[in-house]
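Values below: all heavy atoms of this structure, side chains included; hydrogens, waters and symmetry mates excluded. Quick caveat: nothing in here was measured; it's all calculated off a predicted structure. Index from 1, following the sequence.
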Amino acid sequence: LASDGTDPYHQGIALAALGFCDRSDAMQVILQGAQLDDENLVDRAVLGLAILRDPRTPPGVIAKIVENEKHNEAGRIGAAWALVHLQENSLRADEITPVWNHVLEGSRDQHPLLLANALRGLGFTRDASHSKLVASYTTHPTPRVRMNAAIAIGRMNAQDQFEALLGLLGPTETVPNVRL
């Protein structure tokens, strides 16, 4: 069903469901689905790839979706989540970091969940060289973005960004989870 395009509804279900099979040989079929022209099928295939979590999954296929501003917003957010999910055990995690930089260096008006996933991804690198970019999001209007920026700075052990974190502890920060 995952390869049969005659019924897109069932094909999408099959592409996502293959992620639960726990067999790395399913990755190629799901990967083909992630490169189709139908956005719904692509989004379901990305979910399947994230669930399968094969360390050999090429991040570039999912990265193209994250960076494609013409792709539906929910699909881009899902692809960003999938990349974060894959990043932890990917054999090619170094190919994912530039995607997070690209997202965060772009428009700050992007969907907050897209920004939050990019911040989480950079935090998982534990590379303090990205801390200045991450710290710039501690003043974002969306609490979830500020919270993910603070967590990322902590994961990076970026002590030079302490002033950005202190700003989140003051009385101007009214969201308890961000202050925490």
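Rounded to the nearest 0.5 angstrom, Asn148 CG and Arg155 CZ are separated by 8.5 Å. Rounding to the nearest 0.5 Å places CD1 of Ile62 at 8.0 Å from CD1 of Ile96. We find the CG-CD1 distance between Leu18 and Ile30 to be 5.0 Å, quoted to the nearest 0.5 Å. Taken from CD in Gln32 to OG in Ser3, the straight-line distance is 6.0 Å, to the nearest 0.5 Å. Annotation: the span from Arg44 atom CZ to Leu49 atom CG amounts to 14.0 Å, rounded to 0.5 Å. Atom CZ of residue Arg76 and atom NE2 of residue His111 lie 10.5 Å apart, to the nearest 0.5 angstrom.
Hydrophobic clustering of Ile, Leu, Val, Met, Phe, Trp and Tyr side chains at less than 4.5 Å, counting indirect connections, keeps Ile65 apart from Leu47. A continuous path of ILVMFWY side-chain contacts below 4.5 Å connects Leu165 to Leu104, so both sit in one hydrophobic cluster. Criterion: ILVMFWY side-chain heavy atoms under 4.5 Å apart, direct or through other members. Under it, Trp81 and Leu115 are not part of a common hydrophobic cluster. Follow the hydrophobic side-chain contacts under 4.5 Å out from Val46 and you reach Val29 in the same cluster. Clustering ILVMFWY residues whenever any of their side-chain heavy atoms sit less than 4.5 angstrom apart, transitively, puts Val145 in the very cluster that holds Leu133.
Under the 3.5 Å distance criterion, the side-chain polar atoms of Asn40 are left unmatched by any main-chain donor or acceptor of Gly12. A donor-acceptor pair is defined here as one N or O able to donate and one able to accept, closer than 3.5 Å; such a pair exists between the side chain of Gln11 and the backbone of Ala2. Proximity of a side-chain donor or acceptor of Gln110 to a complementary backbone N or O of Gly106 within less than 3.5 Å is not detected.
A donor atom on one side chain and an acceptor atom on the other are not found under 3.5 Å apart for Asn68 and His71. When only modelled atom types and interatomic distance are considered, Trp100 and Glu105 share no side-chain donor-acceptor pair under 3.5 Å.
Within a 6.0 Å sphere centred on CG of Asp25, heavy atoms belonging to other residues, nucleotides or ligands number more than 12. Residue-environment remark: CZ (Arg144) stays at or below the threshold of 12 foreign heavy atoms within 6.0 Å. In Leu180, the CG atom is not crowded: 12 or fewer heavy atoms of neighbouring residues, nucleotides or ligands sit closer than 6.0 Å.
Side-chain contact between Pro143 and Asn177 is absent, with no heavy atoms from C-beta onward closer than 4.5 Å. A heavy-atom distance below 4.5 Å is not found between the side chains of Val99 and Pro59. Counting only heavy atoms from C-beta outward, the side chains of Asn157 and Arg126 never approach each other to under 4.5 Å. Side-chain contact check for Ile13 versus Tyr9: some heavy-atom pair is nearer than 4.5 Å. For the pair Gln87/Arg120, no side-chain contact is recorded, criterion being any heavy-atom separation below 4.5 Å from C-beta on. Within the 4.5 Å cutoff, no side-chain heavy atoms of Arg146 are placed close to those of Tyr137. Thr138 is not listed as a side-chain neighbour of Gln161, based on a closest heavy-atom distance of 4.5 Å or more. No side-chain heavy atom of Glu95 sits less than 4.5 Å from a side-chain heavy atom of Pro58.
Taking each heavy atom of Val61 and Ala34 in turn, the nearest pair found is CG1-CB, 3.8 Å. Annotation for Ser24 and Asp54: closest pair CB-OD2, 2.8 Å, computed over non-hydrogen atoms. Closest approach of His130 to Thr97, counting heavy atoms only: NE2-CG2, 3.6 Å. In plain terms, the two heavy atoms of Arg179 and Leu169 that are nearest each other are NH2-O, 2.9 Å. For the pair Leu1 and Ala14, the tightest heavy-atom approach, listed with the atom from each and the gap, is CB-CB, 3.7 Å. Across all non-hydrogen atoms, the minimal contact from Arg92 to Arg56 is NH1-O, 4.4 Å.
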Under the side-chain contact (heavy atoms from CB on, under 4.5 Å) criterion, do Gln35 and Val42 qualify, and how do the steps go?
CA-CA 6 Å; Gln35 298 175 71; Val42 167; over 6 Å; no

Decide yes or no on side-chain contact (heavy atoms from CB on, under 4.5 Å) for Arg108 and Thr139, but give the supporting numbers first.
CA-CA 11 Å; Arg108 293 176 64 93; Thr139 58; 4.1 Å; yes

Run the side-chain contact (heavy atoms from CB on, under 4.5 Å) test on Thr57 and Leu52 for me, step by step, so that the C-alpha distance in whole Å, both residues' side-chain angles and the decisive distance to 0.1 Å come before the verdict.
CA-CA 9 Å; Thr57 302; Leu52 185 62; 5.8 Å; no

Test Leu83 against Asn117 for side-chain contact (heavy atoms from CB on, under 4.5 Å), laying out the working first.
CA-CA 9 Å; Leu83 268 183; Asn117 278 307; over 6 Å; no

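Residues that satisfy the side chain to side chain donor-acceptor pair (under 3.5 Å) test with Asn72, not counting sequence neighbours, are Glu39, Asp43.
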